[in-house]
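Just so you know, these numbers use all the heavy atoms, side chains as well, and skip hydrogens, waters and symmetry mates.
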Amino acid sequence: MARAVSTRRTVFFTVLAWIVALVIFFPILYTIITSFKSETEAIQGFNLIPSGTVESYAAVQAQSNYFKFFLNSVIISVGSTFLALLISVPAAWAMAFSPTPRTKDVLMWMLSTKMMPAAAVMVPIYLLFRDFGLLDSRFGLTIMLTMINLPIVVWMLYTYFREIPGEILEAARMDGASLWGEIVYVLTPMAVPGIASTMLLNIILAWNEAFWTIRLTTTNAAPLTAFIASFSSPQGLFWAKLSAASTLAIAPILIMGWFSQKQLVRGLTFGAVK
């Protein structure tokens, strides 16, 4: 039987949740507000009422081709996500349903690679990209982002797959399903919420990656993170233009996150309650 919760308690936690959400979202909100100010207004200090001018957006588009950077971000983030799923689904299946004494050690080793500072491997990675002709290429960045996010993808899928009863897969084998058929036609449909949330999270991580995208690209494959960085110049920071560029860069991922939030929450809690 569910525990009764008083109306006052419900209202209190609802208001508290909204306050926390607004505090977290406020930097993004203020960036959007600043993007509709002139440069003079932007440097005058804190002000929540913009003049409503769109001159910063016009200046940003005149200086850089936004849609070129946007297309690069889409190709790199979506491409790295699907490549990571192609690798991680069989890997997570093997670790979840055919574990060995070293499975946990492998999982911990994969997770430990995320703790390594990116600057520690910047020089060898850059030299490898230079020698193989991958600098400033979409293919090179797709491979790089795949390897960066692969440990997280494998860990998430492994967790979801562990919640699926092994007896179902055994029944599929008894019915004559091959290994590939077992993964594609039995396991994958049952783990759709987990796979979908993993895919969405990986797209967000790839979209927001700045360290490697700025250092491994110049013009041809530069994504929106490089688009934002291009408005920081030795002459100073132009806050209105920088805010407009940031708003244009985060708008697609904010819209995607808003429309997919239910699927994302459902997938992240998949298997949490039995």
Side-chain angles (χ1 to χ4, degrees), residues 28 31-32 60-61 64-92 110-111 113-114 116 118 121-122 125-126 128-129 132 134-157 160 188 191-231 242 244-268:
I28 299 176
T31 298
I32 297 173
V60 165
Q61 183 60 27
S64 302
N65 184 1
Y66 166 78
F67 294 101
K68 174 185 175 182
F69 294 94
F70 171 78
L71 181 61
N72 286 337
S73 287
V74 171
I75 293 174
I76 292 167
S77 58
V78 174
S80 64
T81 297
F82 279 103
L83 185 58
L85 287 176
L86 286 175
I87 298 172
S88 59
V89 168
M110 294 180 66
L111 191 61
T113 60
K114 296 294 295 180
M116 178 183 296
V121 294
M122 182 179 67
I125 292 294
Y126 184 89
L128 284 171
F129 268 62
F132 285 96
L134 296 176
L135 287 176
D136 199 23
S137 70
R138 293 170 179 172
F139 178 74
L141 271 185
T142 299
I143 297 297
M144 188 66 200
L145 295 182
T146 298
M147 301 308 295
I148 290 174
N149 295 324
L150 192 61
I152 295 177
V153 177
V154 172
W155 260 93
M156 290 185 67
L157 292 180
Y160 299 139
T188 302
V192 164
I195 293 175
S197 65
T198 302
M199 182 178 68
L200 292 171
L201 182 61
N202 192 82
I203 289 176
I204 293 172
L205 292 174
W207 190 280
N208 294 330
E209 174 60 38
F211 183 87
W212 291 110
T213 54
I214 292 175
R215 284 157 180 80
L216 297 178
T217 61
T218 52
T219 55
N220 295 330
L224 287 171
T225 48
F227 171 74
I228 297 174
S230 66
F231 289 91
L242 193 59
S246 299
T247 301
L248 288 171
I250 65 177
I253 208 70
L254 281 178
I255 294 172
M256 187 192 76
W258 176 264
F259 284 104
S260 61
Q261 57 181 318
K262 290 184 178 179
Q263 183 65 37
L264 185 60
V265 172
R266 180 189 174 196
L268 291 174

- Task: Using side chain to side chain donor-acceptor pair (under 3.5 Å) as the criterion, list what pairs up with Thr218, not counting sequence neighbours.
- Result: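 Partners of Thr218 by the side chain to side chain donor-acceptor pair (under 3.5 Å) criterion, ordered by chain and then number, come out as Asp136.
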- Message: Checking Asn149 now: which residues fulfil side chain to side chain donor-acceptor pair (under 3.5 Å) with it, not counting sequence neighbours?
- Response: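 Scan of Asn149 (side chain to side chain donor-acceptor pair (under 3.5 Å), adjacent residues dropped) gives none.
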Atom [atom1] in [X], atom [atom2] in [Y]: separation rounded to 0.5 Å?
X      : Y      : atom1 : atom2 : value
Ile255 : Ile250 : CD1   : CD1   : 10.0 Å
Ile214 : Glu209 : CD1   : CD    : 9.0 Å
Leu224 : Leu71  : CG    : CG    : 10.0 Å
Ile195 : Ser88  : CD1   : OG    : 8.5 Å

Which heavy-atom pair separates [X] from [Y] by the least distance, and what is that distance?
X      : Y      : value
Met156 : Leu201 : SD-CD2, 3.5 Å
Gln61  : Tyr66  : OE1-CB, 3.2 Å
Val60  : Ala245 : CG2-N, 4.1 Å
Leu150 : Met110 : O-CE, 4.4 Å
Met116 : Val121 : SD-CG1, 3.4 Å
Tyr160 : Gly194 : CE1-O, 3.1 Å

- In chain order, what residues pass the ring-ring contact (aromatic ring centres under 6.0 Å, His included) check against Phe69, with sequence neighbours excluded?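 Testing Phe69 for ring-ring contact (aromatic ring centres under 6.0 Å, His included), a comparison that skips the adjacent residues, returns Phe227.
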- Task: For side chain to side chain contact (heavy atoms under 4.5 Å, CB included), just list the numbers for Thr225 and Asn208, CA-CA rounded to whole Å, side-chain angles, deciding distance to a tenth of an Å, and then say yes or no.
- Result: CA-CA 7 Å; Thr225 48; Asn208 294 330; 5.8 Å; no
All side-chain contact (heavy atoms from CB on, under 4.5 Å) counterparts of [X], not counting sequence neighbours:
X      : answer
Thr31  : Ser243, Ser246, Thr247
Ile253 : Ile203, Ile204, Trp207, Met256
Leu111 : Trp155
Ser80  : Thr142, Leu145, Thr146, Asn202, Ala206

- Message: Looking at Phe139, I want to see if its CZ is surrounded by more than 12 non-hydrogen atoms of other residues, nucleotides or ligands under 6.0 Å.
- Response: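 No.
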Quick one: are [X] and [Y] in side-chain contact, heavy atoms under 4.5 Å?
X      : Y      : answer
Leu157 : Leu85  : yes
Ile143 : Leu134 : no
Ile125 : Phe129 : yes
Asn72  : Leu141 : no
Leu135 : Tyr126 : yes

- Item | Side-chain (Lys114) to main-chain (Ile148) donor-acceptor, under 3.5 angstrom |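 Confirmed, Lys114 side chain pairs with Ile148 backbone.
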